[in-house]
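In what follows, a structure is listed as structure tokens, so that the remarks can point back to it.
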Amino acid sequence: SGGVVTTALFSGNAYVTALFQGMTASAVVTVNPLVNPGFEEDATGWSVGSASAIVTEDKYAGSKSLRLTSQASFGNSKKVNIPIQPQTNYKLSFFAKSGGGFRVYARNDAAAVELSNSRVQTTNNTNPTWQAYTSGTFNSGVYTNITIYLSDTTAAVAGSKHYIDEIQLIEVPAAVPQVSSIAFEE
């Protein structure tokens, strides 16, 4: 016979419970709070600077990515303000293809504080293929919004190109429940 599925959205997570033939299963599915994480809607939700562009020439998924072109000194910061939950653990995850050093990190602009462990940085890393990157776990502290910065580094050679795509802000559960046994009854 049929089944019933219920879904509730809290704090960026979808809690899904399914009841099918007398059995119940539950799961937590993280919902990415970033607007336009793969740049498919051009710069919607992002502040794209003059040395950056939304391009179709190279992408990890979909039809577009963000290209940062290094300047002679640090620059190219690209950001988006994101509402977050205070005292919550997060990670940043994205794909990148780099022609030199780049960095991605989260900070609270109002307090001018970079969130510890949020930074992913490469130095003189010329990688001709797309690679997955994930930050360490960082806590939002008292902050209720962050800005994600995408930029080159001072170590990057002027004119080198960096492509970034499919950026995710992932809420990390404080504790993952452990299942010790499962029993089924007819």
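Along the sequence shown, residues are numbered consecutively beginning with 1. All values below were derived from every heavy atom in this structure, side-chain atoms included, with hydrogens, water molecules and symmetry-related copies excluded.
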Could you go through Tyr149 and Arg107, starting from their C-alpha distance and side-chain angles, then the distance that decides it, and tell me whether this counts as side chain to side chain contact (heavy atoms under 4.5 Å, CB included)? CA-CA 8 Å; Tyr149 284 85; Arg107 70 179 250 156; 3.3 Å; yes

Is the shortest heavy-atom distance from the side chain of Val172 to the side chain of Thr88 under 4.5 Å? no

Can we call the ring centroids of Phe102 and Tyr133 under 6.0 Å apart? yes

Hey, any chance Ile82 and Val48 share a hydrophobic cluster, counting ILVMFWY side chains that come within less than 4.5 Å of each other, even indirectly? yes

Any idea which heavy atoms bring Ser118 and Ser135 closest together, and the distance? O-CB, 3.3 Å

Salt bridge present between Arg67 and Glu57 (N-O < 4.0 angstrom): yes

Would you mind reporting whether Tyr143 and Pro86 have side-chain heavy atoms less than 4.5 Å apart? no

Measuring only between side-chain heavy atoms, which start at C-beta, is Asn145 closer than 4.5 Å to Asn108? yes

Looking at every non-hydrogen atom in both residues, tell me the closest pair between Ala43 and Ile54 and how far apart they are. N-CG1, 4.0 Å

For a 4.5 angstrom cut-off between non-hydrogen side-chain atoms, does Gln131 reach Lys97? no

Does the side chain of Ile164 come within less than 4.5 Å of Ser65's, by heavy atoms? no

Among side-chain atoms of Ser140 and Gln87, is any donor-acceptor pair under 3.5 angstrom? no

Grouping I, L, V, M, F, W and Y whenever their side-chain heavy atoms are under 4.5 Å apart, do Ile167 and Tyr163 come out in a common cluster? no

Can you tell if the side chain of Phe94 reaches within under 4.5 Å of the side chain of Val104, non-hydrogen atoms only? yes

For Thr44 and Asn36, does a side-chain donor sit closer than 3.5 Å to a side-chain acceptor? no

So, taking the atom named CD in Glu40 and the one named NZ in Lys64, what distance separates them when rounded to the nearest 0.5 Å? 6.5 Å

I need the Glu171 CD to Ile84 CD1 distance, nearest 0.5 Å. 10.0 Å

Do Val35 and Ile148 share a hydrophobic cluster, counting only Ile, Leu, Val, Met, Phe, Trp and Tyr and linking them when any side-chain heavy atoms are less than 4.5 Å apart? no

Can you tell if the side chain of Leu115 reaches within under 4.5 Å of the side chain of Ile146, non-hydrogen atoms only? yes

If Ile, Leu, Val, Met, Phe, Trp and Tyr residues are connected whenever their side-chain heavy atoms lie under 4.5 Å apart, and connections chain through other members, are Trp46 and Phe95 in the same group? no

Can you find a side-chain donor-acceptor pair between Asp109 and Thr147 that sits under 3.5 Å? yes

Taking atom types as modelled, is there a side-chain donor on Trp130 or Asp58 under 3.5 Å from an acceptor on the other? yes

Do Pro37 and Gln168 come within less than 4.5 Å of each other through their side chains, counting heavy atoms only? no

What do the steps show when you test Ser52 against Leu66 for side chain to side chain contact (heavy atoms under 4.5 Å, CB included), and what is the final call? CA-CA 7 Å; Ser52 297; Leu66 175 71; 4.2 Å; yes

I'd like to know if Leu34 and Tyr90 are part of one continuous hydrophobic network [Ile/Leu/Val/Met/Phe/Trp/Tyr, side-chain heavy atoms within less than 4.5 Å]. yes

Do Asp165 side-chain atoms and Ala61 backbone N/O form a donor-acceptor pair below 3.5 Å? yes

To the nearest 0.5 angstrom, please state how far the CD atom of Gln121 sits from the OH atom of Tyr105. 9.5 Å

Flag for Glu114-Ser116: side-chain donor and acceptor within less than 3.5 Å: no

